[in-house]
Each structure stands twice: as structure tokens, then as C-alpha cells.
> 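So that we are looking at the same thing, I have put the structure below in C-alpha cells.
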2 protein chains.
Amino acid sequence: MPRTGGQERRSTLVEEAIRRFGRDGYQGTSLEAVASAVGVRKQTLLYYFPTKEALLESCLAAAGERLAEVIGRGLEGKEATEDRAEAVIHAVFSLAAEWPEFPMFIREAGRLGPDAFERFAAVLEPLRLRAVDFLQTGMDNDLIRKQDPAFLLFTLYTAVVGSLTEASVLNALVGPQKGRASLHRREREVIAFVRGALRPPADPGG
Amino acid sequence: MPRTGGQERRSTLVEEAIRRFGRDGYQGTSLEAVASAVGVRKQTLLYYFPTKEALLESCLAAAGERLAEVIGRGLEGKEATEDRAEAVIHAVFSLAAEWPEFPMFIREAGRLGPDAFERFAAVLEPLRLRAVDFLQTGMDNDLIRKQDPAFLLFTLYTAVVGSLTEASVLNALVGPQKGRASLHRREREVIAFVRGALRPPADPGG
DNA sequence: CCCCTTGTCTACCGAGCGGTAGACAAGGCA
DNA sequence: TGCCTTGTCTACCGCTCGGTAGACAAGGGG
């Protein structure tokens, strides 16, 4: 009834849709499931989002904004080279801790084709540029092993997102995971792994 | 009409299903699509596989066997520590080159829950044990950076599979990819990345 | 020669989906 | 007061999907 009700409904619907799309996939999620989960009928959802695809696009945009904000906040005040990569990973893991379906949804976005992912990644473009620049500078200063910075960023992405989404693989490869402790454990392992991968080769003149 | 026709149909159906499940997802693939792609009606498929889930299970088992065979063959004759990790990556990339939907299907298997992935991973269990043992031995001999071998294997898995399946991300992060050359490029980058991540810390004592 | 297994087909069913049509309740505003 | 927008609902439509029932053709073996 209040006019703010509209926008609130919109965002709760989008958040719930991100959860469902992440957990069950886009095709595996029915509009009725999203709607009833927030206590509303399917036709009410269709009032806010005329089609399922429109709902998806809103989810992609919202996810991009949320991730950009979390990473941006995590980077504040971190100036040292090593701290910055770690801060990004920590920010993503923190988001995943309070919203486990979030990384799953991002992976689903990649699965839905380049157009969908583009919609999500658009708002992250400034961060991407900063990241590539950061890596390039680190290589120039011999703080990071020399390699293609764009490819390196891609591989880092797959390692981080993979460690947050491949629960079944984790289960098969290292054993059953449960609770928040294992997430922290994984974060430490990923950070250690990334640190090792970034480290420049042993420099006898160092 | 010949009695061998049955088994041949079975395997062509399974191969086509792996392609479709990988490309469009399990939920996004209809039985009719799989059947008609091999020139047969849906009911003929259901003659060989009574349910969609039965088809999936056959796909999981077949994929596991195929991957185990490819990796096993790739490891033949490779004894040096560095060569072995590289050989596995190369084997997987070669399989992906001739069958792009294969890694996508594996990722889909992980998405379908631990049970499904277990079915796929079961036949790979001996290889997993060899891999963990290999990593542990390398660490004991100071050839590999010391860390949890199971977690390391998991992170390596995510990096390799991610680089073969996250096409949309690759497109957004490093630019449009096309053709076989870019796949080789990616293989080289992943191998360099993994080599860097495995490398033990600089040891002043040589 | 006949039947029975193997493989493929047409026809159909029930359920669930995305989306449309339209009724209806409740403020906000003239 | 009366209307009109906003938000939610019930009812329904058409389509696709997974799965069933059963006809039918064609060898192979008694």
C-alpha cells in the first residue's frame, strides 16, 4: 500500500531470484518458486518483471552492483601490493559467507552466454581495469611473476569462483564440508595458493 | 537390425547427450533434442534409457571412464615431477579440443549435486589417490610448495576446468576467443600458472 | 513355417511452465 | 464523493516435457 512497497518488493524478489537461480539454475527455477518464497503469487512477480528474462537482467545488474560495492569497500585503505589481491579475495569470500548462492549465481550468469555475463560484468569494468593495471605494475616492479595480466586475472577468477561454487568437487576431492569454518579454511588455502602463483621466480640478486 | 546395433546406438546416444547436457545443461536439454540429433525418435531413446536420469547416469559413467583413460594414457612414460602435472593438464586440454562440451558436462555434473558427481568421480578414484600421493611426495622432497595436498588438487582442478568452461568470463576478461590457437594459448597460460603455484619458496640454501 | 525377441515408430497423457486477461481492494487526488 | 493508479489476486491458455501404451517391421531359431 505505501508507495515504497513497490521498490522493496522489487529488491526482495531480485534477491530471492538470485538465490534460486544460483542454487537451481535459471532453467530449473520457476517463477512460482521465486514468488511464493517471498510470500506472493507468480502474477505479482510478473507485475514487476514482465518476463522471466527481465527478472534475470535485473538480477544480473543487481549482482554486479553488489559485488562492485563489496570489492570497492574491501580495497579501501589497502595500498600494499600483497594486501590488495588478498583484500579482494577476502571481500568475495565474506559476501559468499552471508550469501552462499551469490557466487553460484555468478557462475550461472557465465553459463547463460556472453550477453548475460556482459550485463553483469559491465558495472565491474572499472574494477577490471584497475586489476589489470595493478597486476601490470606489480610485474614491472618485480613483485609479481611476469605473464599476461588479463589471462592471470582470468585464472585467478576461476580459482576463486571455483573454490566457492564447486561444492560437489570439494566433497569428492577433500571430503565433506560443513559450516563456516571450512569456508575460512578454503579462503586461507586459496589466498596461499594465489600468493604462490603470483610470487616472482627466485631472484638471486634480490 | 544387427545385434551390435543396440550397443552402438547406446554409445552414440550417450555421446550426444553429453554434448547437449554440457552445452545446454541437464534441465535445458530435452530427450527429443538428444534423440533427433542422432536421427531417432524420443521413444527410441527411452527404449535404451528408461528415464532421463538413467541417461544421465550412463553419461556420468562414460565421462568418468573416458577421462580416466585419457589421463592415464597421458601419464604413460612421464616420470619427472614437473612433467606429470603438465601431462595431466595437456591430456585434459586435448580432450577438450576434440570435444568442447566434455568439460562443460563435467561442470554440469558438479552442479547436479554430490551424488551425480560421485558417479562420475568414482572411476577416477585411483587417479585421485595417485595425484594426492604425487603431490605429497613432491612436497616431502621440496619440489612442491608445502600445503594441503587435497586442497591443492581441488584448486588445480578448479583452475583447469574453469579455464575450459568459463568462456563468457574469458570473453569479458581477456577478449573474444576463437579457434584452436586460443585454446593452446590458454593451455600454456594455465600450465605456467600452475607451475608458478607449485614452485616451492625460494630456498637460499639451494 | 511360425513365433518371439529386438528395435523403431505413432499416438497420447498428465503435469508444470511462462505468460495473458481481468476482477478487485485500497489509498491519493481532484 | 468519485475516479484512477497501484498492487495483488484467481482463472485460464498454449506449449513443452518426461513418460506410457501399444502397433509394427524384421530377422533368427525351433
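Every chain is numbered from 1, with letters handed out A, B, ... down the list of sequences. When reading the values below, keep in mind they use all heavy atoms of this one structure, side chains included, and skip hydrogens, waters and symmetry mates. Remember, it's a predicted structure, so these values are computed and weren't measured experimentally.
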> So, taking the atom named CG in A/D83 and the one named CD in A/E86, what distance separates them when rounded to the nearest 0.5 Å?
6.5 Å
> Between atom CD in B/E53 and atom P in D/dG18, what is the gap in whole Å?
13 Å
> What's the CG-C1' distance between A/L46 and D/dC13, to the nearest Å?
14 Å
> Less than 4.0 angstrom between a side-chain N/O of B/T44 and OP1 or OP2 of C/dG7, yes or no?
no
> Where the side chain of A/R199 meets the backbone of A/G196, is there a donor-acceptor pair that is under 3.5 Å apart?
yes
> For A/F117 and A/F120: C-alpha separation, side-chain torsions, deciding distance, then whether ring-ring contact (aromatic ring centres under 6.0 Å, His included) applies.
CA-CA 5 Å; A/F117 193 81; A/F120 158 75; 5.4 Å; yes
> Taking 4.0 Å as the cut-off, does a side-chain nitrogen or oxygen of B/S30 come that near to OP1 or OP2 on D/dC17?
yes
> I need the residues from residues 35-43 of chain B with at least one non-hydrogen atom less than 4.0 Å from DNA chain D; give them sorted by number, or say none.
B/K42, B/Q43
> Strictly under 6.0 Å, is that where the ring centroids of A/F102 and A/F21 end up?
no
> Side chain of B/L31: nearest nucleotide among C/dT20, C/dG7, D/dG18?
D/dG18
> Could you check how far OH of A/Y47 sits from P of C/dA21, rounded to whole Å?
17 Å
> For A/K52 and C/dG16, what is the distance between atoms NZ and P respectively, to the nearest whole Å?
15 Å
> For A/R9 and D/dT8, what is the distance between atoms CZ and C1' respectively, to the nearest whole Å?
9 Å
> Between atom CD in A/E8 and atom P in D/dG7, what is the gap in whole Å?
12 Å
> Are the side chains of B/V194 and B/I89 in touch, meaning some heavy atoms are under 4.5 Å apart?
yes
> Could you state the atom-to-atom distance from CZ of B/R20 to C1' of D/dC17 in whole Å?
16 Å
> So, the side chain of A/E108 versus the backbone of A/Y26: is there a donor-acceptor pair under 3.5 Å, distance only?
yes
> Could you check how far CG of B/L45 sits from P of D/dG18, rounded to whole Å?
10 Å
> Ignoring the backbone of A/Y48, work out which of C/dG19, D/dG19, D/dG7 is nearest its side chain.
D/dG7
> Where the side chain of A/R10 meets the backbone of A/Y48, is there a donor-acceptor pair that is under 3.5 Å apart?
yes
